[in-house]
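Below is one structure, written out as structure tokens; the observations come after it.
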Protein chains: 2
Amino acid sequence: MTKPILLDEQLCFSIYQAHKVFNHFYAKALEPFHLTYSQYIVLLVLWEQGSLSVKSLGQEVGLDSGTLTPLLKRLEKDGWVTRQRSKEDERRLDVSLTDKAKQQKDVIYAHVGSCIDAIGLSNDQYNQVKSDVERVQKLLSNVPDTTFAKN
Amino acid sequence: MTKPILLDEQLCFSIYQAHKVFNHFYAKALEPFHLTYSQYIVLLVLWEQGSLSVKSLGQEVGLDSGTLTPLLKRLEKDGWVTRQRSKEDERRLDVSLTDKAKQQKDVIYAHVGSCIDAIGLSNDQYNQVKSDVERVQKLLSNVPDTTFAKN
DNA sequence: CTCAAATTAAATGTAAACAATTTATTAGAA
DNA sequence: TTCTAATAAATTGTTTACATTTAATTTGAG
């Protein structure tokens, strides 16, 4: 059966809306630290993995240099990261956390964690939705380009 | 139990990624018509409901005039909609479909529909994910602002 | 070794999204 | 009736996102 065309019945719209509500949620949660959601996930990766090149960082978060370069410049301006050319390969730019970022890690983790707990999702629900969404995402990624040819 | 802080284990990130893949999917599907996803959902609402004010349109799609005004100007420039002040209330701007938009409706429905079918989601899966995502979205919307206070 | 191909980041241009402010119009209380 | 409130859209400014192009550096084939 063909999928519905009514806006309210479309999965893409649910995900689009959920993304926006999540963005708003994180905007609120990160307000005390003057961080956006995108900036936060970049910091998350650096907290997890240490210094990375723009390229590697981009692979982790799914963003290219067109998005990351200005974002990282803002993070640098606000004292969260440093950016410097790699000695081994001058094409690379190494992004590292500042002391401020390292020190704030636990505070931010704790605050964001408590906000997430307040959503009121059980662990089972949380994991259920997450795996469902990931299945959709994988299916979407695998749709071949030939699908879109118009006859 | 506290929700995970590892990026890969976070629901927000799954939804963020799924949103981006959906955007790319619709960019491809709508390429023949030179429409973006946001423009498409605006047309969907107008196809469903006929002429609407910017305000009403915004309530349907969850966008404000700051986003809609330039988007609608582009749709007008490309010949999809007309924009004119309401006679009854000069504050309102009525957005209506052009003949071109009305004529293209079925072609666009058919093409997008066939692309969606190609994703390979069963109806059960589709509805399952959709209702899960909507539950999360509702829970997120209901998180009170006091949650975000930092002590 | 040399130079074309590949790689990396930055730059450019377009579109979205949203908060906050501004402008114009309308409605409603005094 | 008047003039303040509220409403609607547009404007301004910031950030994100991505495609495409550009610039610098490195690699590797010959």
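The sequence lines fix the lettering, A, B, ..., with proteins before strands; numbering per chain opens at 1.
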Flag, side chain of B:Gln104 to backbone of B:Ala101, donor-acceptor distance under 3.5 Å: no
Where chain B begins and ends its contact with DNA chain C, read 5' to 3' at 4.0 Å from heavy atoms: C:dA15 to C:dT26
Sugar-phosphate only, base, or nothing, as touched by A:Thr67 at under 4.0 Å among non-hydrogen atoms: base
Side chain B:Thr98, main chain B:Trp80, donor-acceptor under 3.5 Å: yes
Side-chain donor/acceptor of A:Lys20 to backbone N/O of B:Gly62, under 3.5 Å: yes
A:Leu46 backbone acceptor or donor facing A:Gln49 side chain under 3.5 Å: no
Please tabulate, for the side chains in residues 66-79 of chain B, all donor-acceptor contacts under 3.5 angstrom to protein atoms that are two or more places apart in sequence or on a different chain.
residue: B:Thr69; atom: OG1; partner: B:Ser65; partner atom: O; Å: 2.9
residue: B:Glu76; atom: OE1; partner: B:Arg83; partner atom: NH1; Å: 3.4
residue: B:Glu76; atom: OE2; partner: B:Arg83; partner atom: N; Å: 3.4

Six-ring centre of B:Tyr26, B:Lys28 cation under 6.0 angstrom, axis tolerance 45°: no
Residue whose nearest DNA chain D nucleotide is more 5′ - A:Gln39 or B:Ser65: B:Ser65
A:Lys55 NZ - D:dT25 P separation (whole Å): 18 Å
For atom CD of B:Gln17 and atom P of D:dT16, their distance in whole Å: 15 Å
Atom-to-atom span, CG of A:Leu68 to C1' of D:dT16 - whole angstrom: 11 Å
Assigned glycosidic conformation for D:dA10 [threshold 90° from 0]: anti
Pairwise distance CG(B:Leu57) to CG(B:Leu63) - rounded to 0.5 angstrom: 8.5 Å
Interatomic distance where OH belongs to B:Tyr26 and P belongs to D:dC18 [whole Å]: 17 Å
Atom-to-atom span, CG of B:Leu52 to P of D:dA8 - whole angstrom: 13 Å
Stretch residues 69-76 of chain B: residues that reach within less than 4.0 Å of DNA chain D through a heavy atom: B:Thr69, B:Lys73
Whole-Å gap separating P (D:dC18) and OH (B:Tyr37): 15 Å
Earlier contact from the 5' end, DNA chain C, for A:Asp64 and A:His24: A:Asp64
Gap between atoms CG and P, on B:Leu57 and D:dA10 respectively (whole Å): 11 Å
DNA chain D contacts made by residues 82-95 of chain B, counting heavy atoms under 4.0 Å: B:Arg83, B:Arg85, B:Arg91, B:Arg92, B:Leu93
Aromatic ring proximity B:Phe25/B:Tyr37, centre distance under 6.0 Å: no
Mate of C:dT26 where both pairing distances stay under 3.5 Å, Watson-Crick or G-U: none
Pair A:Tyr40 and A:Phe33, ring centroids less than 6.0 Å apart: no
Chi angles and distances behind the side chain to side chain contact (heavy atoms under 4.5 Å, CB included) call for B:Leu11, A:Asn127: CA-CA 8 Å; B:Leu11 175 58; A:Asn127 293 322; over 6 Å; no
Paired nucleotide for C:dT2 [Watson-Crick or G-U wobble; both distances under 3.5 Å]: D:dA29
Contacts of A:Asp132 that satisfy salt bridge (charged side-chain N to carboxylate O under 4.0 Å, His left out) - sequence neighbours left out: A:Arg135
Touch class at under 4.0 angstrom, heavy-atom based, for B:Ser38 against every strand present: sugar-phosphate
Residues that A:Arg85 engages under salt bridge (charged side-chain N to carboxylate O under 4.0 Å, His left out), provided they are two or more places apart: none
Nearest-nucleotide 5' precedence on DNA chain D, B:Ser56 against A:Leu63: B:Ser56
Distance below 4.0 Å between B:Lys20 side-chain N/O and D:dC18 OP1 or OP2: yes
